[in-house]
**Student:** 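Here it is, the structure in full.
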2 protein chains.
Amino acid sequence: MSDMPSCQFESRPRRIVIGSSGVQADFCATCAVRPTSVCNVIAQADMARLAEAAVETIIPPGRGFIEEGAPATDFFNITSGTAKLFKALPDGRRQITGFAAPGHFLGLAVSDSYAFGAEAVDTVRACRFSREKMAELLDDFPRLERRLLEEASNELVAAQNQMLLLGRKTARERVASFLLDQMRAGMPLDQNGQRGSLHLPMTRGDIADYLGLTIETVSRTLSWMRSQGMIDVGKGYAITIRAAGRLDTLAAGNS
Amino acid sequence: MSDMPSCQFESRPRRIVIGSSGVQADFCATCAVRPTSVCNVIAQADMARLAEAAVETIIPPGRGFIEEGAPATDFFNITSGTAKLFKALPDGRRQITGFAAPGHFLGLAVSDSYAFGAEAVDTVRACRFSREKMAELLDDFPRLERRLLEEASNELVAAQNQMLLLGRKTARERVASFLLDQMRAGMPLDQNGQRGSLHLPMTRGDIADYLGLTIETVSRTLSWMRSQGMIDVGKGYAITIRAAGRLDTLAAGNS
DNA sequence: GCAACGCATTGATTTACATCAATCCATCGG
DNA sequence: CCGATGGATTGATGTAAATCAATGCGTTGC
């Protein structure tokens, strides 16, 4: 994390409609790859300032970039790849609290230390801001603050769903919920238009730590779903949804 | 919920220092009972406007006031009592995602329907705002938006802790964590200065639904802690912490 | 080519917690 | 006063998922 090039407009900046106003502007494709990210609430004239504040960071698979409990110095906006966020107990038990996809914000801490750790699942690109810069930006761009509040609210809803899952759902219901969530999340990189075909970037261990299960239970549950004709488990990290309806029924607890 | 008097300054408004600036102002004690609530980020001159927008609501014990999935029409700020927030599965399984103490905000939904239900544990007083009024207030008072962002961040941290608890902690660790959290939360109403003496307003069933356990397991675990000399279980909802250190060790997973 | 490694799958066994069940006790309404 | 009710406790039993264990399999490095 030492040689980070400045975040600049890429050669072919994207022209994006801002909100519902119809106004269009060019955006730094690095930190505005999605309509959910930082930049698209800031007027074109201010983009240069933002680009100056952001530092592009590339994190290789498996590398941690936020350490739980460490001083919270930076604020991240994921632009590509998937990161896992987690908390751990002293004896090594670990709970993944979420997977951060492109557009997600990380490190919005009130306290001055990170409440969770973060590690790249596959190769992650992110825009990094120092907290000071971020504070300045927040002061100058109220819409940015609104965007963050909206994002935080959405994460809160997701967290509540996950609490229901962890506290009250069975293993089968958890895995079904997970597969459907991943499918709905727009499936990170499914180039062939294959409907229902998922590429899960994370290992069984990650899935287990996310669902509060063990690797073996996740594996067995996927095998059971395969035996039921609900999914196909391909080589590597590929999974094909064959019966989304039945998975839905399962996930909702109507089993 | 039909006869709600307008939220006005009470007869003896409180003089509170705003932030670190040293400025003092009188506050509506109804919606600013705590330095964490809505009103204390708004200048005194604007208090009348806020008081006009807010409607005081009194909710009796056991009464639900937010229904999961219903249109999100209102925004609440708890001013006294404790509410439970929960999500449920169709077959009745229920997960309490949090207890809302005085000062907490409720109903900050991006979607137009509530993502969770809410019910009064004991008698709850709350300031209620329509979402329209709330949107206006947010536009006019940027500091309020910042306050909400801060609050949402804190809730997110709490949610992550709860996910770790639900996904990876044992029953004993869960109960220990819960008791310590309740103790740290400033213990809602412990009039006698008795240190470590808790009045838990919620039933064993609520605790179980919060911790992802059953009533029986919660009860057995408390009995075990009593047998270990860690706590005293009094009549009604009273619990006395006798060995916070040992509970801490347990809660952290160092058992 | 073939160890060595990480990850996944599958089977056998154990266990923490749920479920089922009985009792107790405080509160409440008649 | 006393049956009814709802919450809490405690005991007996069941079970879903964890743990322990073995095998397979693709990738990496020599």
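These values consider heavy atoms only, across backbone and side chains, with no hydrogens, waters or symmetry-generated copies.
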**Student:** Mind checking what makes salt bridge (charged side-chain N to carboxylate O under 4.0 Å, His left out) contact with B/Glu68, not counting sequence neighbours?
**Tutor:** B/Lys87
**Student:** How would you list, by chain and number, every residue that makes a ring pair (Phe, Tyr, Trp, His ring centres under 6.0 Å) with B/Tyr210, sequence neighbours excluded?
**Tutor:** B/Phe99, B/Phe178
**Student:** Taking the axis from the first five pairs and the axis from the last five, what angle separates them in the helix from C/dG1-D/dC30 to C/dG30-D/dC1, rounded to 10 degrees?
**Tutor:**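 The two end axes of the helix from C/dG1-D/dC30 to C/dG30-D/dC1 meet at 30°.
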**Student:** Only distances under 3.5 Å count here; give the side-chain donor-acceptor pairs of residues 224-237 of chain B to other protein atoms, sequence neighbours excluded, each with its distance to 0.1 Å.
**Tutor:**
| residue | atom | partner | partner atom | Å |
| --- | --- | --- | --- | --- |
| B/Ser227 | OG | B/Trp224 | O | 2.6 |
| B/Asp232 | OD2 | B/Arg242 | NE | 3.1 |
| B/Asp232 | OD2 | B/Arg242 | NH2 | 3.0 |

**Student:** Can you pull every protein N or O that's under 3.5 Å from an N or O on nucleotides 22-25 of chain D?
**Tutor:**
none

**Student:** Round to a whole Å and report the spacing from CG of A/Leu222 to P of C/dC7.
**Tutor:** 17 Å
**Student:** B/Asp209 CG to C/dA18 C1': how many Å, rounded?
**Tutor:** 14 Å
**Student:** Just to be sure I understand the rule, does B/Gly236 reach a base, reach only the sugar-phosphate, or reach nothing, if contact means heavy atoms closer than 4.0 Å?
**Tutor:** nothing
**Student:** Which whole-number value in Å describes the distance from A/Arg172 CZ to D/dA18 P?
**Tutor:**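 It is 13 Å, rounded to the nearest whole Å.
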**Student:** Between A/Ala152 and B/Ala152, what is the shortest heavy-atom contact and its length?
**Tutor:** CB-CB, 3.9 Å
**Student:** How would you label the contact of A/Arg174 with the nucleic acid (heavy atoms, under 4.0 Å): base, sugar-phosphate, or nothing?
**Tutor:** nothing
**Student:** In whole angstroms, how far is the P atom of D/dA8 from the CD1 atom of B/Ile231?
**Tutor:**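 Rounded to whole Å, this separation is 14 Å.
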**Student:** Is there a donor-acceptor contact under 3.5 Å from the side chain of A/Arg174 to the main chain of A/Leu211?
**Tutor:** yes
**Student:** For B/Asp122, check side-chain hydrogen bond (donor to acceptor under 3.5 Å, both in side chains) against everything at least two apart and list the hits.
**Tutor:**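 Testing B/Asp122 for side-chain hydrogen bond (donor to acceptor under 3.5 Å, both in side chains), a comparison that skips the adjacent residues, returns none.
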**Student:** Calculate the interatomic distance between B/Arg226 atom CZ and D/dA8 atom C1'; express it in whole Å.
**Tutor:**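 Answer to the nearest Å: 11 Å.
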**Student:** Of all residues at least two apart in sequence or in a different chain, which pass the salt bridge (charged side-chain N to carboxylate O under 4.0 Å, His left out) check with A/Lys169?
**Tutor:**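 For A/Lys169, no residue satisfies salt bridge (charged side-chain N to carboxylate O under 4.0 Å, His left out) once neighbours in sequence are set aside.
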**Student:** Does the B/Thr79 side chain pair with the main chain of B/Arg125, one donor and one acceptor, at a distance under 3.5 Å?
**Tutor:**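 The answer is yes, because a donor-acceptor pair under 3.5 Å joins these two groups.
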**Student:** May I ask you to list the residues of residues 210-220 of chain A, by number, that have any heavy atom positioned under 4.0 Å from an atom of DNA chain D?
**Tutor:**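 Contacting residues: A/Gly212, A/Leu213, A/Thr214, A/Glu216, A/Thr217, A/Arg220.
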**Student:** Under 3.5 Å, which protein N or O atoms sit close to an N or O of nucleotides 13-15 of chain D? Give each pair with its distance.
**Tutor:**
none

**Student:** What about the rings of B/Phe76 and B/Phe129, do their centers lie closer together than 6.0 Å?
**Tutor:** no
**Student:** Between B/Asp91 and B/Arg93, is there a donor-acceptor pair closer than 3.5 Å when you use the side chain of the first and the backbone of the second?
**Tutor:** yes
**Student:** Could you check how far CH2 of B/Trp224 sits from P of D/dA8, rounded to whole Å?
**Tutor:**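 Value for this atom pair: 21 Å.
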**Student:** Using atom types as modelled and distance alone, determine if a side-chain donor or acceptor of A/Gln182 lies under 3.5 Å from a backbone N or O of A/Leu179.
**Tutor:**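 A pair under 3.5 Å: no.
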**Student:** Donor-acceptor pairs under 3.5 angstrom involving side-chain atoms of residues 212-223 of chain B: please list them, not counting sequence neighbours.
**Tutor:**
| residue | atom | partner | partner atom | Å |
| --- | --- | --- | --- | --- |
| B/Thr214 | OG1 | B/Thr217 | N | 3.3 |
| B/Thr214 | OG1 | B/Thr217 | OG1 | 3.1 |
| B/Thr221 | OG1 | B/Thr217 | O | 2.6 |
| B/Ser223 | OG | B/Ser219 | O | 3.0 |

**Student:** Are there any protein N/O atoms within less than 3.5 Å of an N/O atom in nucleotides 27-29 of chain D, and if so, which ones and at what distance?
**Tutor:**
none

**Student:** Quick check against the 3.5 Å criterion: does A/Thr82 have a side-chain atom that pairs as donor or acceptor with the backbone of A/Val121?
**Tutor:**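 No; judged by distance alone, with no hydrogens or angles, the pair does not exist.
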**Student:** CD1 of A/Ile207 versus C1' of C/dT9: gap in Å, rounded?
**Tutor:** 14 Å
**Student:** With nearest nucleotide decided by heavy atoms, which residue, A/Tyr237 or A/Arg168, maps closer to the 5′ end of DNA chain C?
**Tutor:** A/Tyr237
**Student:** For A/Asp232 and C/dT9, what is the distance between atoms CG and P respectively, to the nearest whole Å?
**Tutor:**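 So the CG-P distance, A/Asp232 to C/dT9, works out to 13 Å.
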**Student:** Please collect all salt bridge (Lys or Arg N to Asp or Glu O under 4.0 Å) contacts where either partner lies in residues 155-168 of chain B, sequence neighbours excluded, each pair once.
**Tutor:**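 Salt bridge (Lys or Arg N to Asp or Glu O under 4.0 Å) check on residues 155-168 of chain B returns A/Asp209-B/Arg168.
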**Student:** Walk me through it: do A/Arg63 and A/Glu119 pass the test salt bridge (Lys or Arg N to Asp or Glu O under 4.0 Å)?
**Tutor:** CA-CA 5 Å; A/Arg63 162 93 117 263; A/Glu119 190 178 309; over 6 Å; no
